[in-house]
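A quick note: this is a predicted structure, and the numbers were derived from the prediction, not measured. Start at 1 with the first residue, then count along the sequence.
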Amino acid sequence: MSMKKSTKTEIVIPTWAGSTGPGYWGDRDYSAYDDQSSSFWVSLRGVLPGDRHNDMNDVCRAVSDIGLYVYATVASTVSIDLRLHDVSSMTLRECELRIKVMKRLLVKGKVYPCSDFARDTNVHAELTKAVAALGIKRAMIHHDINEPETFELEGLALKRISDCVDDRLNRMNLRQVA
């Protein structure tokens with residue numbers, strides 16, 4: 001695999017048509033049990049131009065386990081970090097590919113302070129900053145099997161994600177008051 005070929009891979013946010021809540025962006029909700037915070041993943045995927053179904057192949061497969069880990073509190077504190085997640089058994093080559101992608105993304109997104117706890121902000125504002133720093137401009141919408149994916153601007157996907165998380169944090173806030 002040549003580095004020249006892999007630079008043509010576009011990083012996108014995968015989403016799912018017809019899903020709501022955490023299922024919309026294809027990941028689990030890691031809600032805290034303290035009714036004060038919530039954390040979740042926004043997965044990232046690689047897409048090659050011209051691939052009708054945009055299925056991942058060897059050039060971009062390394063992105064499948066990379067995502068933004070978002071931690072948010074009811075007190076308007078948000079932290080976002082670029083991490084590997086749900087990584088199970090991998091070969092040395094698969095580990096090397098993931099490390100290369102992580103390094104490229106970290107260099108590209110160095111203007112965003114990953115792992116920094118931003119205060120007096122919200123998930124939408126911080127996700128928008130992090131995604132912009134990484135150069136992600138589109139969300140890929142998965143449809144049914146054997147149907148090609150479509151794309152939308154990342155802002156629409158980020159709005160849906162942040163609305164879901166804001167709703168979750170508001171419910172937590174209401175439980176604290178009760």
Side-chain angles (χ1 to χ4, degrees), residues 5-32 37-72 78-90 94 97-98 101-102 104-105 108-109 112 114 121-172:
K5 187 174 182 183
S6 67
T7 59
K8 295 179 183 177
T9 303
E10 177 188 10
I11 306 300
V12 298
I13 299 169
T15 59
W16 296 89
S19 295
T20 59
Y24 169 72
W25 62 93
D27 247 315
R28 293 189 300 264
D29 163 20
Y30 293 93
S31 293
S37 64
S38 182
S39 56
F40 61 94
W41 290 100
V42 176
S43 290
L44 303 177
R45 294 290 186 267
V47 173
L48 291 175
D51 184 1
R52 181 175 175 266
H53 291 282
N54 296 307
D55 292 333
M56 294 188 316
N57 61 29
D58 289 339
V59 175
C60 57
R61 183 172 298 149
V63 183
S64 66
D65 300 324
I66 295 175
L68 297 173
Y69 175 76
V70 183
Y71 174 83
V78 179
S79 175
I80 299 177
D81 198 10
L82 182 66
R83 294 184 185 179
L84 286 173
H85 66 97
D86 291 340
V87 177
S88 55
S89 177
M90 290 190 296
E94 290 168 331
L97 287 172
R98 283 164 178 79
V101 172
M102 287 280 290
R104 278 197 341 246
L105 284 172
K108 193 173 198 178
Y112 183 80
C114 285
T121 188
N122 59 50
V123 170
H124 187 262
E126 291 306 309
L127 263 178
T128 300
K129 290 177 197 173
V131 166
L134 293 172
I136 299 169
K137 297 184 179 357
R138 298 193 302 169
M140 179 172 59
I141 305 170
H142 295 283
H143 296 281
D144 219 348
I145 295 173
N146 294 325
E147 288 186 34
E149 287 79 12
T150 57
F151 292 89
E152 67 181 0
L153 294 174
E154 91 292 347
L156 297 172
L158 295 179
K159 180 70 172 130
R160 287 187 190 101
I161 293 168
S162 62
D163 285 349
C164 176
V165 175
D166 288 345
D167 183 50
R168 186 180 317 143
L169 292 172
N170 288 335
R171 285 192 314 268
M172 288 179 176

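In this view, N170 satisfies the side-chain hydrogen bond (donor to acceptor under 3.5 Å, both in side chains) rule with no residue, not counting sequence neighbours. Not counting sequence neighbours, the partners of R138 by the side-chain hydrogen bond (donor to acceptor under 3.5 Å, both in side chains) test are E10.
At a threshold of 4.5 Å between non-hydrogen side-chain atoms, the residues L44 and I13 count as touching. Residues M140 and V47 meet the side-chain proximity criterion, which asks for heavy atoms closer than 4.5 Å. With contacts defined as side-chain heavy-atom distances shorter than 4.5 Å, the pair R98/L84 qualifies.
Here CD1 of I11 is found 14.0 Å from CD of E154. Values are rounded to the nearest 0.5 Å. We find the CH2-CD1 distance between W41 and I66 to be 10.5 Å, quoted to the nearest 0.5 Å. Rounded to the nearest 0.5 angstrom, S89 OG and E94 CD are separated by 7.5 Å. A distance of 14.0 Å separates CG in L82 from OH in Y69, rounded to the nearest 0.5 Å. Taken to the nearest 0.5 Å, the CG atom of L153 stands 10.5 Å off from the CG atom of L158. Between atom CE of residue M102 and atom CG of residue L97 there is a gap of 13.5 Å, rounded to the nearest 0.5 Å.
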* Asked: So V78 and N122, side-chain contact (heavy atoms from CB on, under 4.5 Å) or not? Walk me through it.
  -> CA-CA 7 Å; V78 179; N122 59 50; 5.5 Å; no

* Asked: When you look at E149 and I141, which way does the side-chain contact (heavy atoms from CB on, under 4.5 Å) test go after all the steps?
  -> CA-CA 5 Å; E149 287 79 12; I141 305 170; 5.9 Å; no

* Determine, stepwise, if the pair E152 / K159 fulfils salt bridge (Lys or Arg N to Asp or Glu O under 4.0 Å). => CA-CA 12 Å; E152 67 181 0; K159 180 70 172 130; over 6 Å; no

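The backbone N or O of Y71 lies less than 3.5 Å from no partner atom in the side chain of S79, so there is not a single donor-acceptor pair. Looking at D81, its side chain never comes within 3.5 Å of a backbone N or O of R83 through a donor-acceptor pair.
Counting only N and O atoms by type, the side chains of T150 and H143 include a donor and acceptor under 3.5 Å apart.
Remark: of the listed residues S38, C164, S162, S162 is the sole one forming a side chain to side chain contact (heavy atoms under 4.5 Å, CB included) with V123. For the side chain to side chain contact (heavy atoms under 4.5 Å, CB included) with Y112, the qualifying choice from L68, L134, I80 is I80, the only one to do so.
Taking every heavy atom of both residues into account, A139 and A157 meet most closely at CB-CB, 3.6 Å. Of all non-hydrogen atoms in H142 and P14, the two that sit nearest each other are NE2-CB, 3.8 Å.
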